[in-house]
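Here is the structure we will look at, set down as structure tokens.
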Protein chains: 2
Amino acid sequence: MKKRATAQEVAQLAGVSKWTVIRAFTPGASITEVSRAKVMAAAEQMNYRPNLLARSLATRSTRQVAVFVDDFANPYKLQLIEATTAALQAEGLVALLVNINEHLDHVHAILNADQRQVDAVVLLGTSFREETLADSRLRDGGPPLFVLARDSQLAGIPAVSCDSAVAMEDICRHLAARGFGRPGFMSGPRTLSTALGRHRHFRDHWASRGIEVAELQASPYSHAAGAAAMRAYLAANPPGARIDVLVCENDILAHGALDVLRHEAGLSVPSDMAVVGFDDAAPSALPGYDLTTYRQPVGRMVETLVDMLSGRRPHDTIVLRGELVLRSSA
Amino acid sequence: MKKRATAQEVAQLAGVSKWTVIRAFTPGASITEVSRAKVMAAAEQMNYRPNLLARSLATRSTRQVAVFVDDFANPYKLQLIEATTAALQAEGLVALLVNINEHLDHVHAILNADQRQVDAVVLLGTSFREETLADSRLRDGGPPLFVLARDSQLAGIPAVSCDSAVAMEDICRHLAARGFGRPGFMSGPRTLSTALGRHRHFRDHWASRGIEVAELQASPYSHAAGAAAMRAYLAANPPGARIDVLVCENDILAHGALDVLRHEAGLSVPSDMAVVGFDDAAPSALPGYDLTTYRQPVGRMVETLVDMLSGRRPHDTIVLRGELVLRSSA
DNA sequence: TCCTTGTTTGCACCCGGTAGCAAATGGAGC
DNA sequence: GCTCCATTTGCTACCGGGTGCAAACAAGGA
């Protein structure tokens with residue numbers, strides 16, 4: 001368990017100065033092949049590799065990005081995390097995963113990440129409140145903030161998300177073609193729901209045809225909350241007076257609703273009630289759900305985000321078009 | 001977007017030396033209340049907070065732990081990630097989430113984490129090969145390695161996991177009490193399965209009663225693989241010659257098996273075939289599965305791990321007892 | 001051969017803190 | 001007022017590399 005070798009020590013072994021060693025490890029640096037070979041041989045022998053901490057201090061860039069996640073109840077988050085970390089790593093960046101559960105203060109977490117000098121902070125569809133981001137301490141010399149997979153309603157904080165206006169248009173076009181005419185919408189926690197904009201676009205679309213949308217409210221975004229909202233709806237509305245299609249703000253709510261319809265109420269989907277989700281979370285494709293849903297373009301979203309982080313693209317809010325995934329539930 | 005303030009600058013404003021500023025931010029340091037107040041006022045005004053990068057360089061401790069994850073197909077990973085990050089953060093540590101997909105070299109990833117001077121590396125039930133960990137470059141001055149939620153068969157690399165011998169004993173006792181007598185076991189990829197030890201203990205248990213266990217092999221650990229293995233089994237074995245209970249190496253395989261039994265083969269669970277999983281992943285509790293499974297003591301596992309990381313406990317391999325969760329599938 | 005030009009190499013200083021020692025300060029006891 | 005001892009404060013050296021400039025060196029042209 002011996003100490004790590006430093007550039008200085010390698011230099012001594014190779015018979016050069018430490019700066020030559022550093023140059024040997026700096027792509028594109030001015031150094032002869034002979035010197036580089038000498039250095040590399042010595043480095044190999046001493047098992048040397050540059051200390052990125054020291055480099056970060058000197059270059060003022062850690063190539064670390066803090067990724068904030070608060071909602072672990074939704075398996076879709078795992079897909080987002082995977083895509084995000086993969087995209088970051090492909091760019092030579094690494095993700096600092098920060099767990100923002102309800103007990104922790106978001107501002108505190110951001111400040112802490114800031115102290116670690118991360119190059120950026122990515123909010124992964126988290127339930128933070130907009131106001132916390134407006135905190136002056138954050139807007140002053142701190143790392144740039146980005147929001148992924150939901151809107152940022154705050155100027156100066158770019159968001160990369162799925163275009164919910166187009167998504168709802170696609171969904172409604174499909175529902176109309178299938179002849180559905182008594183729509184319902186299950187939304188999540190009020191503030192977060194607003195940030196997604198899905199509810200609003202859906203409602204507006206039907207309103208333009210003079211049809212009112214029944215409202216089901218679930219909170220938080222979890223299977224249990226979706227199930228509870230559906231139970232409440234079924235209890236309050238007799239069979240003849242029910243909606244014929246329910247669009248849910250995301251798949252996890254739809255799963256809860258579906259399980260109540262099928263396993264508790266003994267209703268059949270889509271004939272008694274059709275269900276549509278949003279996200280195309282992995283379980284939606286399984287035979288147990290077979291949920292018609294809207295797939296977010298996760299790959300392109302994280303690529304766009306990384307392009308912004310890397311400076312290849314201006315820091316602007318971007319919405320990308322997703323894709324309707326037709327299955328048996330609607 | 002002005003530059004971050006440094007201790008030196010705060011010192012100037014407060015009319016003290018930079019070391020006094022640092023002392024004001026060091027708990028338990030020797031400093032008068034008067035000085036501390038002066039420093040704090042100046043720091044507040046300049047929005048100063050210590051640069052942890054510089055601190056890490058000087059103290060040789062980053063309080064960062066690399067967490068390696070390779071298998072994102074299993075939603076249970078999300079629960080493990082949440083528990084791990086929460087426990088680390090409670091200790092003032094932060095997780096560097098490293099995505100080790102099959103395209104990336106594990107050794108390379110560990111060396112990269114090493115360059116970032118992480119205090120430790122935690123392998124989160126990943127499908128790494130034991131040999132890669134034996135690489136000499138890793139065992140030499142690098143950060144300590146830990147394995148979570150699976151065995152480490154390598155001396156010097158401690159693991160914290162669920163006691164699979166006891167687990168299988170608990171499961172088999174339950175199955176015997178329910179009168180099951182024709183057992184099957186669905187294991188995952190061979191090398192990883194070995195690392196879990198579940199298959200072996202299950203087989204040994206029945207062997208001691210003179211009963212042979214039917215073997216179903218699924219690879220990788222995914223819903224689709226579990227489903228495929230079940231399809232193959234049903235195709236190869238006519239109804240009269242089938243097992244009456246299947247124990248799966250983890251829940252995700254059990255979910256696949258269950259979906260095929262119920263939705264494709266039209267069989268009923270547990271009367272035609274009972275199914276037992278392992279992990280108690282979130283979906284197992286849902287009505288769509290209602291899977292009898294074995295819950296790993298995740299909370300105690302991560303606490304134990306963090307105790308080791310913090311030096312409150314020797315770096316030893318530890319197995320903890322989990323708990324059988326009875327549901328309708330068995 | 002000498003001078004010019006371009007490339008390598010070495011150097012002082014810097015990134016923003018920490019450690020440990022030495023000097024300065026302050027209060028108690030005489 | 002003075003000494004003594006305990007705090008408090010300042011300082012040097014250092015963590016391990018990076019930057020920009022100057023010196024050293026090599027190659028090409030006259």
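Just so you know, these numbers use all the heavy atoms, side chains as well, and skip hydrogens, waters and symmetry mates. Note on naming: letters A, B, ... go to the chains in the order of the sequence lines (proteins, then strands), and numbering restarts at 1 for each one.
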Chain A footprint on DNA chain C, 5' to 3' - any atom under 4.0 Å from a heavy atom: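 Listing 5' to 3', DNA chain C meets chain A from C:dT8 to C:dG16.
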Checking side chain to side chain contact (heavy atoms under 4.5 Å, CB included) against A:Ile100, which of A:Asp71, A:Asp70, A:Leu124, A:Leu123 comes through?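 Result for side chain to side chain contact (heavy atoms under 4.5 Å, CB included) with A:Ile100: A:Asp70.
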If the sugar-phosphate is the primed atoms plus P, OP1 and OP2 and the base is the rest, what is the B/S/- string for nucleotides 12-19 of chain D, using protein heavy atoms under 4.0 Å? B--BBBBB
Distance test, side-chain N/O of B:Thr20 to OP1/OP2 of D:dG10, below 4.0 Å: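 Indeed, a polar side-chain atom of B:Thr20 lies that close.
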Categorize B:Ser30 for me: base, sugar-phosphate, or nothing, with a 4.0 angstrom heavy-atom threshold over every strand shown.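 Base: the residue B:Ser30, judged by heavy atoms under 4.0 Å, touches a nucleobase.
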So what does B:Ser56 hit on the nucleic acid, given a heavy-atom distance under 4.0 Å: a base, only sugar-phosphate, or nothing?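 No contact.
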Value rounded to 0.5 Å, distance of NZ in B:Lys77 from OH in B:Tyr221: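 Going from the NZ atom of B:Lys77 to the OH atom of B:Tyr221 covers 9.5 Å.
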Go through the steps for B:Lys38 and B:Glu33 under the test salt bridge (Lys or Arg N to Asp or Glu O under 4.0 Å), then give the verdict. CA-CA 9 Å; B:Lys38 265 194 302 188; B:Glu33 265 319 307; over 6 Å; no
CD/B:Gln12: more than 12 non-hydrogen atoms of other groups inside 6.0 Å: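 No, not enclosed.
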Using the side-chain contact (heavy atoms from CB on, under 4.5 Å) rule, take B:Asn99 and B:Phe68 through it: C-alpha gap first, then chi angles, then the decisive distance, then the call. CA-CA 6 Å; B:Asn99 182 341; B:Phe68 282 35; over 6 Å; no
Under a 3.5 Å cutoff, is there a donor and acceptor pairing between the side chains of B:Gln296 and B:Asp279?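 A pair is found: one side chain offers a donor N or O, the other an acceptor, under 3.5 Å apart.
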Side chains of B:Gln64 and A:Gln64: any donor to acceptor distance under 3.5 Å?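 Yes, because at least one side-chain N or O of A:Gln64 sits under 3.5 Å from a partner of the opposite role on B:Gln64.
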What verdict does the salt bridge (Lys or Arg N to Asp or Glu O under 4.0 Å) test give for A:Arg312 and A:Asp307, after you've listed the backbone C-alpha separation in whole Å, the side-chain angles of each residue and the deciding distance to 0.1 Å? CA-CA 5 Å; A:Arg312 285 193 298 271; A:Asp307 280 351; 2.6 Å; yes
